[in-house]
Amino acid sequence: MWFEADLLPGYAWSFPLPDGRANVGFGILRGGPVPWVPQAESGTSSWTGGDPLRLGRPSLPEDRRMAWPIPAKVDRAVLDHGPVLFVGDAAAATDALTGEGIGQALLTGILAGEAALAGSSPADVAEIYRRSVRRELVADHRMSTALQAILARPTGARAAVRLAGATPWTRRNFARWMFEDYPRALLATPHRWSRGLMSAPGAYATR
Ligand SMILES: Cc1cc2nc3c(=O)[nH]c(=O)nc-3n(C[C@H](O)[C@H](O)[C@H](O)COP(=O)(O)OP(=O)(O)OC[C@H]3O[C@@H](n4cnc5c(N)ncnc54)[C@H](O)[C@@H]3O)c2cc1C
């Protein structure tokens, strides 16, 4: 993972694949210094295309580059319409800091199912669903938005990476927190504290 000055508060990733291949991508904010749609669609992105050193040599794209908007505004999203409940990306439930949304899609799906079972009318179901999405996701969204402002500056990003890498414990727990093994706003929401939370096995190991 990289934090490059021109991508902040976004980041780039390279996930290794078999046969010397890699899944490479970057997440950026709309309206930031890196143009997003026109160059990514035309395959002339200055970020990856202009500087092969950033990807390592020799690296050749095996397909066209693609760009996709990631909605991250669950605090303002419309969550229902009549008897329909919106979940996942349709509820803009992705994490504003990392752009991750698989966990949120599963969680909002579960909350929608629970609301459907608990409510006595479409309006009641929608109210229960809105309340539970607020309870589960809005504090984390606000925390991500606040941290985004810190990571948007190179000094903030450098300090965060330095702090995260200070000890093996901070390295392990930063990674787990960053990728949401722990709720983003855990420290600010005591109702979610429980014994052993920080030492439980990761999501990969449960069930
Ligand atoms: C480049 C990129 C990288 C990402 N990396 C990560 C990551 O590492 N970790 C992570 O947690 N999240 C990641 N995300 C975000 C994550 O992919 C989404 O938040 C998540 O997939 C949302 O799930 P969803 O079920 O709401 O929507 P989707 O996964 O988009 O599912 C919606 C489905 O509905 C289908 N569909 C659309 N219209 C119709 C129609 N009219 N009829 C029938 N079917 C239809 C679509 O084809 C699609 O299969 C990434 C997103 C992008 C763009």
Side-chain angles (χ1 to χ4, degrees), residues 1-4 6-18 21-32 34-45 47-49 54-55 59 61-116 126 129-130 132-134 136-138 140-141 143-145 147-148 151 164 174-186 202-207:
M1 244 174 93
W2 299 260
F3 293 94
E4 293 274 346
D6 54 352
L7 298 182
L8 294 175
Y11 63 94
W13 68 83
S14 172
F15 299 147
L17 295 173
R21 294 154 64 238
N23 171 326
V24 178
F26 57 98
I28 50 172
L29 282 187
R30 281 189 191 192
V34 179
W36 62 289
V37 168
Q39 290 195 350
E41 278 182 347
S42 69
T44 58
S45 163
W47 193 76
T48 50
R54 297 206 204 187
L55 295 180
S59 58
E62 62 175 41
D63 204 343
R64 70 198 165 96
R65 299 186 187 103
M66 287 181 283
W68 197 258
I70 297 182
K73 49 177 182 183
V74 70
D75 56 335
R76 287 167 286 144
V78 174
L79 296 176
D80 58 280
H81 181 77
V84 177
L85 304 179
F86 302 124
V87 303
D89 280 9
T94 51
D95 179 56
L97 200 58
T98 59
E100 295 203 312
I102 296 172
Q104 289 84 343
L106 293 170
L107 176 63
T108 48
I110 292 168
L111 296 177
E114 287 173 351
Y129 178 59
R130 283 194 297 266
S132 51
V133 169
R134 243 191 335 266
E136 293 287 341
L137 289 175
V138 169
D140 296 335
H141 172 76
M143 177 65 86
S144 287
T145 311
L147 292 168
Q148 208 177 50
L151 286 179
F174 176 79
R176 293 188 62 173
W177 170 82
M178 181 81 176
F179 294 103
E180 296 169 283
D181 248 3
Y182 316 129
R184 181 74 74 224
L186 182 63
Y204 72 93
T206 55
R207 261 173 263 174

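Start at 1 and go down the list; that is how both ligands and their atoms are numbered. From a predicted model like this one, the values you see are computed outputs, not experimental measurements.
Not a single side-chain contact (heavy atoms from CB on, under 4.5 Å) links Asp63 to another residue, sequence neighbours left out.
Between atom CG of residue Leu151 and atom OG1 of residue Thr98 there is a gap of 11.0 Å, rounded to the nearest 0.5 Å.
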Please give the N or O to N or O pairs under 3.5 Å between ligand 1 and the protein, distances rounded to 0.1 Å.
{"residue": "ligand 1", "atom": "9 (N)", "partner": "Glu100", "partner atom": "OE2", "Å": "3.4"}
{"residue": "ligand 1", "atom": "11 (O)", "partner": "Gly101", "partner atom": "N", "Å": "3.1"}
{"residue": "ligand 1", "atom": "11 (O)", "partner": "Ile102", "partner atom": "N", "Å": "3.0"}
{"residue": "ligand 1", "atom": "12 (N)", "partner": "Gly101", "partner atom": "N", "Å": "2.9"}
{"residue": "ligand 1", "atom": "19 (O)", "partner": "Asp89", "partner atom": "OD1", "Å": "2.7"}
{"residue": "ligand 1", "atom": "26 (O)", "partner": "Asp89", "partner atom": "N", "Å": "2.8"}

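The two residues Trp13 and Gly27 have their closest heavy-atom pair at CZ3-N, 4.0 Å.
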Output a table of donor-acceptor pairs, distance under 3.5 Å, between side-chain atoms of residues 74-86 and any protein atom two or more places apart or on a different chain; print 'none' if there are none.
{"residue": "Asp75", "atom": "OD1", "partner": "His141", "partner atom": "NE2", "Å": "3.2"}
{"residue": "Asp80", "atom": "OD1", "partner": "Arg130", "partner atom": "NH1", "Å": "2.8"}
{"residue": "Asp80", "atom": "OD2", "partner": "Arg130", "partner atom": "NH1", "Å": "3.2"}

For residues 99-113, tabulate all N or O donor-acceptor pairs below 3.5 Å that involve a side-chain atom, not counting sequence neighbours.
{"residue": "Gln104", "atom": "NE2", "partner": "Glu180", "partner atom": "OE2", "Å": "3.0"}
{"residue": "Thr108", "atom": "OG1", "partner": "Gly88", "partner atom": "N", "Å": "2.8"}
{"residue": "Thr108", "atom": "OG1", "partner": "Gln104", "partner atom": "O", "Å": "2.7"}
{"residue": "Thr108", "atom": "OG1", "partner": "Ala105", "partner atom": "O", "Å": "3.2"}

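Distance alone, capped at 3.5 Å, is enough to place a donor-acceptor pair between the Thr94 side chain and the Pro71 backbone.
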